[in-house]
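Every chain is numbered from 1 and lettered A, B, ... according to where its sequence line falls, protein lines coming before strand lines. Computed from a predicted model, the values in this text were never measured in an experiment.
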Amino acid sequence: MLTLKIIQENRDFVIERLKIKNFQAENIVNQILDLDLKRRSTQNSMDNNQAELNKMSKEIGSFFQSGKVEEANLLKEKNTQIKELVKSQAEELTSTEKQLNELLVQLPNLPHESVPAGKGVDDNIKVKSGGKIPVLSKSAVAHWDLAKKYDIIDFELGNKLTGAGFPVYKGKGAKLQRALISYFLDKAIVAGYTEVMPPLMVNEDSGFGTGQLPDKEGQMYHVTIDNLYLIPTAEVPVTNIFRDEILQARDFPKKMTAYTPCFRREAGSYGKDVRGLNRLHQFDKVEIVQIQHPEKSYESLTEMVNHVEGLVKSLNLPYRILKLCGGDMSFTSALTYDFEVFSVAQEKWLEVSSVSNFESYQANRLKLRYKEEGEKKPLLAHTLNGSALALPRILAALLENNQTDKGIVIPEVLRPYTGFDIID
RNA sequence: GGAGAAAUGGCCGAGUGGUCGAAGGCGCACGCCUGGAAAGUGUGUAUACCUCACAAGGGUAUCGAGGGUUCGAAUCCCUCUUUCUCCGCCA
């Protein structure tokens, strides 16, 4: 979330910038500023009263020790009144802080100055494209047909075991999944990321830290009996590794990568691009995460974008990179680049990666801070993450784009991992 | 799942009702010492909030979390969480 300080010092600017995200903030901002005023005056008064109480307690103690019981009892009575007052002030403070927090959490992150205005996907800006769109024979079919033809992905079996959106990968299909995961992880490790295998379920605090809770609760599978959430992305557990931490500036950047399955309820997206691998409830993804010094976070963002581009290129997929407009950006992001690959048989661009700088927005929620050499006060770090990459749509594009009369040709870079060069 | 023990600052560890944000040690930072280093030695070393100039200074809170008793709690009581040991179960 945004810090109070930013809102206090840049009230009008905050309101203006959030309009880029199509968010009308004026009302909330005003309420926040009012509540903060109230909070401070309550705190101030309560502290003074508490100080008085503390002083009196010491006096009472010394009265008792010197046997002046009368004086002590007199003070005790006076004490009771102030105590009542402090108690009610404490309650007021708690409730004010709660209200304040509820409002703060409702404000999205400020978009970076370079973020274009826009309503939705059509207003995103193409910053780069590459790769060649292959020309397929007339008999070319979509990946769901290929999956069936070569018996590598079984959607119906997934239906039987679990439900729609939970496919079963079989034979060379399963091996190919594993190959992609290993390949992506190895590339991340070479690029300096430390591999972690995090839990696939997280608690509420973690969900809050990265911004999934409270707003996007409906997107996650909730294990109510233990109050845990299945992760929608490795971003959640991996970024939360650093929750409540104070790092040293010299430790930056922290670079972590993780492969995890991801679970998404995708509530409300029925019938919309859900065919085949396009949108699943469970899918595999390799994620890269960086915790970085605020002055260097945009360098890291570029580095991450380049890393992802390298992956897509190496798979020979036609791709384009989009800079998301304000209307299409996530709540928590300051700047996001999306990667899309072209899936030829469907004739569709499929989003396979989203690389974002959250600046201090998540860090503020996470209490993820760092100390500058020789400085006393901790400052908020910047967090970034990106998919590198999400598997299903990559797989969809690979299957469709690489189909030949003889079978599906495996890209060179994956062959050491698959052990075969064609699916036939 | 059952029984018992425990949870203190970056770490170890003292502290069973008052002057304890907390002894001592280690670590770390800076200084002295040294040709350099080690040893030695001196000083410093949590976080949030309020006041305030995001300075200095002052105040409040925090000894797993939350509540309670008390004029006063790290210290007593209750609830929860976590860890360890033993038993059961088990990949």
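When heavy atoms are screened at a 4.0 angstrom cut-off, A:N73 is found touching no nucleic acid atom at all. Across all strands shown, A:K371 has heavy atoms under 4.0 Å from sugar-phosphate atoms exclusively, and none from any base. Using a 4.0 Å heavy-atom cutoff across all strands shown, A:K376 reaches sugar-phosphate atoms only and no base atom.
Side-chain contact between A:L213 and A:E204 is present, with heavy atoms from C-beta onward closer than 4.5 Å. For the pair A:I225/A:V223, a side-chain contact is recorded, criterion being any heavy-atom separation below 4.5 Å from C-beta on. Looking at A:R393 and A:E351, their side chains come closer than 4.5 Å, going by heavy atoms from C-beta outward.
Ring geometry for A:Y298 versus A:H112: interplanar angle of 30 to 60°, hence tilted.
When the P atom of B:C49 is taken as reference, atom NZ of A:K38 falls 20 Å away, rounded to whole Å. Between the CD atom of A:E59 and the C1' atom of B:U19 there is a distance of 13 Å, given to the nearest Å. When rounded to the nearest whole Å, the span between CD of A:Q248 and C1' of B:A46 equals 13 Å. Residue A:L37 contributes atom CG, which lies 13 Å from atom C1' of B:C50 at whole-angstrom precision. Between the NZ atom of A:K367 and the P atom of B:C49 there is a distance of 9 Å, given to the nearest Å. One interatomic measurement links the two molecules: CG of A:N54 to C1' of B:G21, which rounds to 13 Å at whole-angstrom precision. Per the geometry, CE belonging to A:M46 stands 18 Å off P belonging to B:A48, to the nearest Å. Taking atom CD1 of residue A:I246 and atom P of nucleotide B:G10, one finds them 9 Å apart after rounding to whole Å.
When the options A:V286, A:L180, A:L389, A:L317 are evaluated for a side chain to side chain contact (heavy atoms under 4.5 Å, CB included) with A:L311, the one that passes is A:L389. Of the listed residues (A:I423, A:I422, A:D424), just one forms a side chain to side chain contact (heavy atoms under 4.5 Å, CB included) with A:F420, and that residue is A:I423.
Taking the C1' atom of each, B:C26 and B:G9 are spaced 13 Å apart, rounded to whole Å. The same atom, P, is picked in B:C52 and in B:G10; the two are 30 Å apart, to the nearest Å. B:A14 and B:A6 have their P atoms separated by 13 Å, given to the nearest Å. To the nearest whole angstrom, the two C1' atoms, one in B:C63 and one in B:G13, are 13 Å apart. Separation of the P atoms belonging to B:G18 and B:U75 is 12 Å when rounded to the nearest angstrom. The P atoms of B:C90 and B:C77 are separated by 39 Å, rounded to the nearest whole Å. Only the P atoms considered, B:C54 is 23 Å distant from B:A61, to the nearest whole Å. For the P atom pair drawn from B:G72 and B:G67, the interatomic distance equals 16 Å after rounding to whole Å.
At least one cation-pi condition fails for A:K323 and A:Y337: the charged atom is not both under 6.0 angstrom from the six-membered ring centre and inside a 45 degree cone around its axis.
Between B:U60, B:C50, B:A48, one nucleotide has an atom nearer to the side chain of A:R39 than all others, and that is B:C50. For A:R369, taking side-chain heavy atoms from C-beta onward, the closest of the listed nucleotides B:A48, B:U60, B:A46 is B:A48.
Here A:Y221 and A:Y229 keep their ring centres 6.0 angstrom or further from each other.
Pairing for B:A14 is absent, judged as Watson-Crick or G-U wobble with the two contacts each under 3.5 Å. Base pairing of B:U19 is not made with any nucleotide, judged by Watson-Crick or G-U wobble geometry with both donor-acceptor distances under 3.5 Å. Across all strands shown, B:U82 forms a Watson-Crick or G-U wobble pair, both distances under 3.5 Å, with B:A6. Using Watson-Crick or G-U wobble geometry with both donor-acceptor distances under 3.5 Å, B:U62 finds its partner in B:A46. Base-pair partner of B:A39: not found among the strands shown (Watson-Crick or G-U wobble, both distances under 3.5 Å). Pair check for B:C54 finds none; no Watson-Crick or G-U wobble contact set falls under 3.5 Å. Under the Watson-Crick or G-U wobble criterion, with both distances below 3.5 Å, B:A91 has no partner in any strand shown. B:C76 is paired with B:G68 under the Watson-Crick or G-U wobble criterion, all donor-acceptor distances under 3.5 Å.
Side-chain nitrogen and oxygen atoms of A:Q50 include at least one within less than 4.0 Å of the OP1 or OP2 phosphate oxygen of B:A61. Between A:N48 and B:G58 there is no side-chain N or O to OP1 or OP2 distance below 4.0 Å.
When all heavy atoms of A:L398 and A:I408 are compared, the closest pair comes out as O-CG2, 4.2 Å. Nearest heavy-atom pair, A:L380 versus A:Y370, reported as atom, atom and distance to 0.1 Å: O-CE2, 3.4 Å.
A salt bridge does not link A:R265 with A:E217: every distance from a Lys NZ or Arg NE/NH1/NH2 to an Asp or Glu carboxylate oxygen is 4.0 Å or more.
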Reading nucleotides 67-83 of chain B from 5' to 3' and marking B where a protein heavy atom lies under 4.0 Å of the base, S where only the sugar-phosphate is that close, and - otherwise, the string is ----BS-----------
Scan nucleotides 51-55 of chain B against the protein and return all N/O pairs shorter than 3.5 Å with their distances rounded to 0.1 Å.
unit_1 : atom_1 : unit_2 : atom_2 : d
B:C54  : O2     : A:K5   : NZ     : 3.3

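Checked by atom type, the side-chain pair A:E372/A:H293 shows a donor-acceptor distance below 3.5 Å.
When each of A:A51 and A:D36 is assigned the nucleotide of RNA chain B bearing its nearest heavy atom, the one mapping closer to the 5' terminus is A:D36.
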